[in-house]
Amino acid sequence: MSRVLIVGAGLTGSLCACLLRREMPNKCIVVWDKSRGAGGRMSTSRSPSDASCIVDLGAQYITATPYYAKMHQNFYEELLAHGVLKPLVSSVEGEVMKDGGHKNYVSPTGVSTIVKHFLKQSAGAEVFFDHHVTHIYQKGAIWEVCRKGGAPEQFDAVVLTMPVPQILQLQGDVGSLLEKSQRQQLEAVSYSSRYALGLFYKAQAHIDVPWAAKYISNNPCIRFIAIDDKKRNLESPECGTSMVVHTSVPFGIKHLEEAKEQVEPLILEELNKLLPGLPLPDSIKCQKWRYSQVRSSVADCPGQMTLLSKPLLVCGGDGFTHSNFDGCIESALKVFDVLKHFL
């Protein structure tokens with residue numbers, strides 16, 4: 001039985017695992033992620049004192065254009081049918097309107113449940129967290145993959161879905177397999193960087209603003225604020241409310257190499273200027289997104305890059321398409337086409 005390793009339990013990786021399980025059930029699927037849980041940049045955090053109080057620290061909502069609503073209709077319908085997505089009915093102030101006919105969706109139990117849904121649909125896949133890949137070596141017709149703090153394991157095929165700079169940082173044989181043109185394409189991929197702040201409040205706290213989410217213009221620090229339970233249309237007096245703050249990209253770049261403990265009070269100070277009178281949060285989670293959104297993807301957006309066909313080593317993710325939900329789906333479909341051809 002072929003053993004396939006998918007590196008990265010974000011949207012592209014989880015969807016690759018799901019597609020493999022559904023259409024190639026004879027494959028042994030293994031998913032490794034260096035984090036403590038699934039989601040990648042579709043990240044949801046819980047209040048330490050109230051498990052029902054959650055906040056999305058990464059992606060906030062999904063925008064479906066008419067083109068992708070049709071192209072990826074089966075994925076949207078599946079997520080809507082399972083209650084993983086629902087229409088976003090709350091107001092988003094300052095949203096830049098896309099082409100006519102677009103629809104916004106939100107995840108009622110946190111955006112990470114989108115990724116977890118597809119991982120669940122890959123039933124039987126072996127999913128491991130805290131597995132940080134460091135080296136990949138070709139050993140004849142197989143790959144030997146090394147990780148921090150664990151023994152090397154062998155696989156018939158490897159799919160890399162982490163951000164492109166992390167692919168370029170891998171040790172072993174990956175660098176020597178890259179053709180000059182491929183390396184140039186990968187090195188040209190760029191990402192924006194930002195911080196996200198999740199603020200959790202007790203049930204009695206009230207944040208009096210007329211919007212669920214708001215884009216902030218002309219502020220050097222803060223670009224986006226959302227009252228997270230209000231965004232999901234799930235406000236309840238029994239549950240604590242939560243807020244997420246995304247910084248601007250220039251602020252993120254300026255403070256990228258600083259410790260989160262140094263940056264957090266800077267964001268809070270600016271937040272209290274924008275929204276004076278905020279109640280004191282019960283707890284705070286600060287997230288540094290070094291690779292937030294793809295600013296420049298691989299040329300011509302091929303969806304994937306095959307580094308070697310036998311044994312198969314293929315790269316995917318939004319760095320090979322575009323930085324949103326549909327970009328990840330597009331990449332996963334392209335990677336799966338390669339897997340079907342070579343496995």
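None of the values given here were measured: they were computed from a predicted structure.
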Compare all side-chain heavy atoms of Leu178 with those of Gln184 and state whether any distance is below 4.5 angstrom. no
Could you please spell out the steps behind the side-chain contact (heavy atoms from CB on, under 4.5 Å) verdict for Tyr215 and Glu93? CA-CA 6 Å; Tyr215 287 93; Glu93 193 172 303; over 6 Å; no
Pairwise distance NZ(Lys103) to CG(Leu88) - rounded to 0.5 angstrom: 13.0 Å
On a heavy-atom basis, which atom in Leu11 and which in Phe325 lie closest, and how many Å separate them? CD2-CD1, 3.5 Å
Ignoring hydrogens and angles, state whether a donor on the side chain of Gln262 or Glu258 is under 3.5 Å from an acceptor on the partner side chain. no
Applying side-chain contact (heavy atoms from CB on, under 4.5 Å), run through Ser52 and Cys239 and close with a yes or a no. CA-CA 7 Å; Ser52 66; Cys239 298; 3.6 Å; yes
ILVMFWY network linking Ile329 to Met305, side-chain heavy atoms under 4.5 angstrom: no
Step by step, would you call Asp337 with Lys334 a salt bridge (Lys or Arg N to Asp or Glu O under 4.0 Å)? CA-CA 5 Å; Asp337 284 342; Lys334 292 290 180 64; over 6 Å; no
Would you call Leu5 and Val145 a side-chain contact if the rule is heavy atoms closer than 4.5 Å? yes
Using a side-chain heavy atom cutoff under 4.5 Å and only I, L, V, M, F, W and Y, what cluster partners does Ile54 have? none
Any residue meeting ring pair (Phe, Tyr, Trp, His ring centres under 6.0 Å) with His132, in chain and number order, not counting sequence neighbours: none
Taking atom CG of Asn74 as the centre, report whether more than 12 heavy atoms of other residues, nucleotides or ligands fall under 6.0 Å from it. yes
Phe224 and Tyr61 aromatic ring geometry - parallel, tilted or perpendicular at 30°/60° bounds: tilted
When rounded to the nearest 0.5 Å, the distance separating OG of Ser242 from CZ of Arg46 is 11.0 Å
For the OG1 atom of Thr113 and the NZ atom of Lys120, what is their distance to the nearest 0.5 Å? 11.0 Å
Starting from Val89 and following side-chain heavy-atom contacts under 4.5 Å between hydrophobic residues (I, L, V, M, F, W, Y), which residues can be reached? none
Return the SG to CZ distance between Cys18 and Arg22, rounded to the nearest 0.5 Å. 3.5 Å
ILVMFWY network linking Leu80 to Val111, side-chain heavy atoms under 4.5 angstrom: yes
Within the distance-only criterion (no hydrogens, no angle test), does the side chain of Ser122 pair as donor or acceptor with the backbone N or O of Ala17 below 3.5 angstrom? no
At what distance, to the nearest 0.5 angstrom, does CG of Leu160 lie from CD of Gln166? 10.5 Å
If you apply the rule side-chain contact (heavy atoms from CB on, under 4.5 Å), what do you find for Leu339 with Leu20, and how did you get there? CA-CA 8 Å; Leu339 290 166; Leu20 267 173; 4.0 Å; yes
Within the 4.5 Å heavy-atom criterion, are Arg290 and Glu257 side-chain neighbours or not? yes
Under the 3.5 angstrom rule, does the side chain of Ser297 hit a backbone N or O of Thr321 as a donor-acceptor pair? yes
Each residue besides Ile222 in its hydrophobic cluster should be listed here, by chain and number; the cluster joins Ile, Leu, Val, Met, Phe, Trp and Tyr at side-chain heavy-atom distances under 4.5 Å. Tyr195, Leu197, Leu199, Tyr201, Ile207, Val209, Trp211, Ile216, Ile225, Ile227, Met243, Val245, Phe251, Val263, Leu266, Ile267, Leu268, Leu271, Leu274, Leu275, Leu278, Ile284
Spell out, as yes or no, whether a donor-acceptor pair under 3.5 Å connects the side chain of Ser331 to the backbone of Cys328. no
Could you report the tightest heavy-atom contact between Lys285 and Ser45, atom names first, then the distance? NZ-OG, 3.4 Å
Kindly indicate whether the side chain of Leu312, heavy atoms from C-beta on, has any atom under 4.5 Å from the side chain of Val338. yes
For Tyr67, enumerate each residue passing the ring pair (Phe, Tyr, Trp, His ring centres under 6.0 Å) test, keeping only those at least two apart in sequence or located in another chain. none
Indicate, with yes or no, if Leu119 and Val4 share a hydrophobic cluster defined by side-chain heavy-atom contacts under 4.5 Å among Ile, Leu, Val, Met, Phe, Trp and Tyr. yes
Who are the salt bridge (charged side-chain N to carboxylate O under 4.0 Å, His left out) partners of Arg223, not counting sequence neighbours? none
Under the rule for side-chain contact (heavy atoms from CB on, under 4.5 Å), what residues qualify as partners of Ser323, not counting sequence neighbours? Arg41, Gln293, Val294, Asp318
His246 side chain near Val244 side chain, heavy-atom distance below 4.5 Å: yes
With sequence neighbours left out, the residues meeting ring pair (Phe, Tyr, Trp, His ring centres under 6.0 Å) with Tyr191 are Tyr291
Under a 3.5 Å distance rule, please check whether Thr44 uses its side chain to pair with a backbone N or O of Ser112 as donor and acceptor. yes
Return the CD1 to OG distance between Ile62 and Ser107, rounded to the nearest 0.5 Å. 7.5 Å
Pairing residues for Asp56 by the salt bridge (charged side-chain N to carboxylate O under 4.0 Å, His left out) criterion, not counting sequence neighbours: Lys231
Can you give me the closest heavy-atom contact between Val335 and Gly303, atom names plus distance? CG2-O, 4.3 Å
Main-chain N/O of Gly124 paired with Glu126 side-chain donor or acceptor, under 3.5 Å: no
In the single-linkage hydrophobic clustering (I, L, V, M, F, W, Y; side-chain heavy atoms under 4.5 Å), do Ile29 and Leu19 co-cluster? yes
Between the side chains of Tyr68 and Glu330, does any donor sit under 3.5 Å from an acceptor? yes
Any donor and acceptor pair, going by atom type alone, linking the side chain of Ser296 with main-chain N or O of Val189 inside 3.5 Å? no
With sequence neighbours excluded, residues passing ring pair (Phe, Tyr, Trp, His ring centres under 6.0 Å) with Tyr137: His135
Without hydrogens or angle criteria, can the side chains of Asn233 and Ser90 be said to hold a donor-acceptor pair below 3.5 Å? no
Is there a donor-acceptor contact under 3.5 Å from the side chain of Asp156 to the main chain of Ile142? no
Hey, is the main chain of Gly39 close enough, under 3.5 Å, to the side chain of Ser43 for a donor-acceptor pair? no
Hey, is the main chain of Ser49 close enough, under 3.5 Å, to the side chain of Ser47 for a donor-acceptor pair? yes
Glu153 meets the salt bridge (charged side-chain N to carboxylate O under 4.0 Å, His left out) criterion, sequence neighbours left out, with Arg3
Looking only at heavy atoms, what is the nearest atom pair of Thr306 and Gln182, with distance? O-NE2, 3.4 Å
Give the minimum heavy-atom separation between Gly140 and Pro311, together with the two atoms involved. O-CD, 3.6 Å
Lys288: what forms a salt bridge (charged side-chain N to carboxylate O under 4.0 Å, His left out) with it, not counting sequence neighbours? none
Could you check whether the rings of Phe155 and Trp32 sit parallel, tilted or perpendicular, using 30° and 60° as the cut-offs? perpendicular
Is Val133 reachable from Val314 through a run of hydrophobic residues whose side-chain heavy atoms are each under 4.5 Å from the next? no
May I ask you to decide if Gly252's main-chain N or O and Arg194's side chain share a donor-acceptor pair within less than 3.5 Å? no
Parallel, tilted or perpendicular: ring planes of Phe75 versus Phe118, cut at 30 and 60 degrees: perpendicular
Minimum heavy-atom separation for Ala64 and Asp326, please, with both atom names. CA-OD2, 4.5 Å
